[in-house]
Amino acid sequence: MVIEIDFQSDEALYTQLMNQIIMGIATSRLQEGDPLPSVRQLADTIGINMHTVNKAYSLLRQEGFVSIDRRKGAVICLDVDKIRAMEELKQNLRVALARGCCNNVTREEVHSLIDEILDEYGQ
């Protein structure tokens, strides 16, 4: 998997890294059980601080996307807590939809966008 970090973005580097890994899972480029590079290896590869990678991995663990084992390192391990995931998605969508409403985005446009994105994930 290729990680692309935009050093000019206002988005935090650890957030970009997390989002890239989550997108990899959603698009099936990363599967359950796939190992992630070590913190040091990934930091060296993409040219960021090890603490930044460690923070991203820790947050991914907290959110149920990876498990961290001292022997195996970080491994894709999806949390099957669908109720929690749905609640989190609902909160995120509320804000995104509010922004869209403020910009006169219609219900039909939202549905079309959602269908387009889900098609990318093979849903």
Side-chain angles (χ1 to χ4, degrees):
M1 178 180 166
V2 176
I3 302 285
E4 295 179 13
I5 299 296
D6 179 1
F7 292 98
Q8 306 305 316
S9 173
D10 290 335
E11 187 173 45
L13 297 176
Y14 74 89
T15 302
Q16 290 184 53
L17 180 56
M18 287 177 57
N19 290 343
Q20 294 265 329
I21 292 170
I22 292 168
M23 293 292 288
I25 295 167
T27 58
S28 299
R29 288 179 288 160
L30 291 172
Q31 302 284 324
E32 175 108 22
D34 286 351
L36 293 173
S38 71
V39 169
R40 176 170 285 141
Q41 180 184 13
L42 187 55
D44 287 344
T45 300
I46 58 180
I48 61 176
N49 189 294
M50 285 179 20
H51 296 293
T52 302
V53 176
N54 195 43
K55 182 173 184 174
Y57 280 10
S58 294
L59 290 171
L60 286 167
R61 182 188 55 77
Q62 289 174 13
E63 293 181 17
F65 292 104
V66 301
S67 65
I68 299 176
D69 182 287
R70 289 186 182 172
R71 292 167 291 163
K72 297 178 185 177
V75 177
I76 301 299
C77 179
L78 302 177
D79 186 350
V80 293
D81 187 357
K82 188 172 182 174
I83 294 171
R84 188 185 78 183
M86 290 290 290
E87 237 355 92
E88 185 178 324
L89 180 61
K90 186 176 183 179
Q91 286 180 314
N92 292 334
L93 280 173
R94 271 189 208 283
V95 175
L97 291 173
R99 288 176 187 223
C101 287
C102 290
N103 289 302
N104 299 315
V105 175
T106 67
R107 177 183 299 259
E108 292 75 23
E109 290 169 326
V110 169
H111 286 219
S112 177
L113 263 175
I114 289 173
D115 288 341
E116 179 184 324
I117 293 168
L118 288 175
D119 286 345
E120 290 174 17
Y121 303 144
Q123 294 280 325

What side-chain hydrogen bond (donor to acceptor under 3.5 Å, both in side chains) pairs are there with at least one residue in [range], not counting sequence neighbours?
| range | answer |
| --- | --- |
| residues 87-97 | none |
| residues 100-119 | Thr106-Glu109 |
| residues 17-29 | Glu11-Asn19, Thr27-Arg29 |

- Could I get the full list of side-chain contact (heavy atoms from CB on, under 4.5 Å) partners for Ala12, not counting sequence neighbours? Tyr14, Thr15
Atom [atom1] in [X], atom [atom2] in [Y]: separation rounded to 0.5 Å?
| X | Y | atom1 | atom2 | value |
| --- | --- | --- | --- | --- |
| Thr52 | Gln16 | OG1 | CD | 11.0 Å |
| Ser67 | Ile76 | OG | CD1 | 9.0 Å |
| Leu17 | Glu4 | CG | CD | 12.5 Å |
| Cys102 | Leu97 | SG | CG | 11.0 Å |
| Met18 | Phe65 | CE | CZ | 7.5 Å |

Would a single hydrophobic cluster contain both [Y] and [X], if residues Ile, Leu, Val, Met, Phe, Trp and Tyr are joined by side-chain heavy-atom contacts under 4.5 Å?
| X | Y | result |
| --- | --- | --- |
| Tyr57 | Ile22 | yes |
| Phe7 | Val53 | yes |
| Leu113 | Leu93 | no |

- Message: According to side-chain hydrogen bond (donor to acceptor under 3.5 Å, both in side chains), who are the partners of Arg61, at least two apart in sequence or on a separate chain?
- Response: none
Would you give me the side-chain donor-acceptor pairs under 3.5 Å for residues 34-51, sequence neighbours excluded?
from: Asp34; atom 1: OD2; to: Gln31; atom 2: N; distance (Å): 2.7
from: Ser38; atom 1: OG; to: Gln41; atom 2: N; distance (Å): 3.0
from: Thr45; atom 1: OG1; to: Gln41; atom 2: O; distance (Å): 2.8
from: Asn49; atom 1: OD1; to: His51; atom 2: N; distance (Å): 2.6

